[in-house]
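A quick write-up on the structure given underneath.
In the text below, chain A, chain B and the rest are named by the order of the sequence lines, each starting its count at 1.
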2 protein chains.
Amino acid sequence: MSFKTDNYLESVSLDCVVFGFHDNQLKVLLLSMKYSHEWALPGGFVCKDESVEQAATRVLKERTGLDNIFLKQFKVFSDPERSVLNPAVKDVVESGENTSLEWFNQRFISIGFYAFVDFTKVVPKPDNFSDNAEWKSIGEKEALMMDHDFILQEALNTLREQLNYQPIGYNLLPDKFTMPELQKLYETILDKKLDRRNFQRRILSFNILNKLEERKTGGAHKSPFLYEFNLVNYKNALKNGLTGGW
Amino acid sequence: MSFKTDNYLESVSLDCVVFGFHDNQLKVLLLSMKYSHEWALPGGFVCKDESVEQAATRVLKERTGLDNIFLKQFKVFSDPERSVLNPAVKDVVESGENTSLEWFNQRFISIGFYAFVDFTKVVPKPDNFSDNAEWKSIGEKEALMMDHDFILQEALNTLREQLNYQPIGYNLLPDKFTMPELQKLYETILDKKLDRRNFQRRILSFNILNKLEERKTGGAHKSPFLYEFNLVNYKNALKNGLTGGW
DNA sequence: ACAAAAGTGTTGTAAATACACCCATGC
DNA sequence: GCATGGGTGTATTTACAACACTTTTGT
């Protein structure tokens, strides 16, 4: 798998904030870069015959093994100073030791995407420029490369805003899940506690859930009911929005 | 004013949906292109030392004469087929008759911006590739070049969504305006009638308006009060959002 | 039997909606 | 004086927020 730069549009890159949900925590998929050993968002470039959405889909298939990932562009990052290379990488570039790195020695405008995946179905794979791919908890990750911390922060801000008028969870939770799990997802994104009873009433009023007969057993304490998303209503809510704010 | 393509980042362009409000109608600034005589959104390219926001600001200063225009990127348009040239333009390009048009014979990813301006303060100016610049009413404009109709539509959709949690009007209305005028602006964007009395109560509850002593005279019928925006509260609302939806 | 989590219900307040009435202005 | 638009007010419904009690489960 070589890296052919002449397939790509110049000046344009993309970075993906891939969210997963596990152990009641919001996680992001990160890569550990060669040479600089910094952590970075998975990213890539746009082939000459691709839309940016197609490019992001291709990149994320390579990094996660998954097809049909839910993703959405949310902002373009274009500060002229954003692409300043890490000194360690710059050294390698200038030494000529690794010619495929030459490509990085230009200015990129990066299109930010966020994506939702089922944590349990992802098999993280590093790319040509990284030697490790791992899930990190939002709260516990270390600093990221270049402006990637900013990109992640902006993705979270966008998410928080969209939570007011769009449903979330279908792409992040397993097929069957409990109300407390869904609530934890909302609480993690909003970074605040919600009232259990009011949350349930509200989310049910959207009619995007089917209550199942089954309960989730095994955990300590009273076994909660399982729910699944009502796909028809969920997708309709994605298009037409919900009502007021949280 | 020549056109130096080597100042620009390749593959990247930007298109601006410039909104103005006049005669109780929402207007867009459009250019009439040379050769093809199609109408187009004002657009441009990104210099090698600019952010895309700086580039859009520069472009709009040239097209409107205004500094400090309120603008915001809202979406990247990147369908590989979007930049297909109009046959009339393609002929000119291939004839070699106008070398500055060569630049257009490549694929661009375009960053969509929307902008709000005070209609009365704008002096529309065409660019190197257009021979006319005019305001057109949203409802009455003819079809636009390439995917520009789609871009305009997406800008409107974005506006409608943002209306739910952000104030609007400061950049579109004159310094002093009446409640019915502000309401018309909302109604035009939302494309539906709102109740006069409930609108007033709601918008006042946001505390973004100062009621003035003066009334607007001259029109037929009872003279309405004038209002101005409370800039402190308005900007705060822009950052922190309002409450529920319309 | 107890602690902790989950199911279900009530109640007060605020906001959204749907109206009605009176007042100014130009013709 | 009358049509039209504008200012102001109220009653009803709906949504939100705060809070209490009961039930189930593992230890």
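Using modelled atom types and a 3.5 Å distance limit, the side chains of Thr217(A) and Ser223(A) yield no donor-acceptor pair. No side-chain donor-acceptor contact under 3.5 Å links Asp79(A) and Ser51(B).
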Nucleotide N/O of nucleotides 11-13 of chain C paired with protein N/O under 3.5 Å:
none

Collect all protein-nucleotide pairs involving nucleotides 1-6 of chain C in which both atoms are nitrogen or oxygen and the distance is under 3.5 Å.
| from | atom 1 | to | atom 2 | distance (Å) |
| --- | --- | --- | --- | --- |
| dA4(C) | N3 | His221(A) | ND1 | 3.3 |

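Residue Asp195(B) contributes atom CG, which lies 13 Å from atom P of dA16(C) at whole-angstrom precision. Between the CD atom of Gln200(A) and the C1' atom of dG9(C) there is a distance of 12 Å, rounded to whole Å. In this entry the distance linking CZ of Phe206(A) with P of dA15(D) reads 11 Å, nearest Å. Across the protein-nucleic acid pair, Phe199(B) atom CZ and dT8(D) atom C1' stand 17 Å apart, rounded to whole Å. Summarising the geometry, the separation between CG on Leu194(A) and C1' on dC19(D) is reported as 16 Å, rounded to the nearest angstrom. For the pair Asn207(B) CG and dA15(C) P, the computed distance is 11 Å after rounding to whole Å. Atom pair Arg202(A):CZ and dA17(D):C1' shows a separation of 11 Å (rounding to whole Å applied). Atom CG in Leu242(B) sits about 11 Å away from atom P in dA16(C), given to the nearest Å.
Between Glu50(B) and Arg58(B), at least one side-chain nitrogen of the basic residue sits less than 4.0 Å from a carboxylate oxygen of the acidic one, meeting the salt-bridge criterion. Using a 4.0 Å cut-off between a side-chain N of Lys or Arg and a carboxylate O of Asp or Glu, Lys216(A) and Glu214(A) do not qualify as a salt bridge.
If you check every strand for non-hydrogen atoms under 4.0 Å, Lys211(B) touches sugar and phosphate atoms only.
Of the side-chain N and O atoms in Arg197(A), none sit less than 4.0 angstrom from OP1 or OP2 of dC19(D).
His22(B) and Phe119(B) have parallel rings, their planes meeting at less than 30° on a 0 to 90° scale where 60° marks the start of perpendicular.
With dG7(C), dC19(D), dC19(C) as the choices, the nucleotide that has an atom nearest any side-chain atom of Asn198(A) turns out to be dC19(D).
Screening Lys193(A), Arg197(A), Lys192(A) against Asp195(A) for a salt bridge (charged side-chain N to carboxylate O under 4.0 Å, His left out) leaves a single residue, Arg197(A).
Aromatic ring centres of Phe113(A) and Phe74(A): separated by at least 6.0 Å. Taking the six-membered ring where the residue is Trp, the centroids of Phe70(B) and Tyr170(B) are separated by 6.0 Å or more.
More than 12 heavy atoms of other residues, nucleotides or ligands shown are found within 6.0 angstrom of CG on Asn240(A).
Remark on DNA chain D: of its neighbouring residues Gly218(A) and Ser205(A), the 5'-side contact belongs to Ser205(A), judged by nearest-heavy-atom nucleotide.
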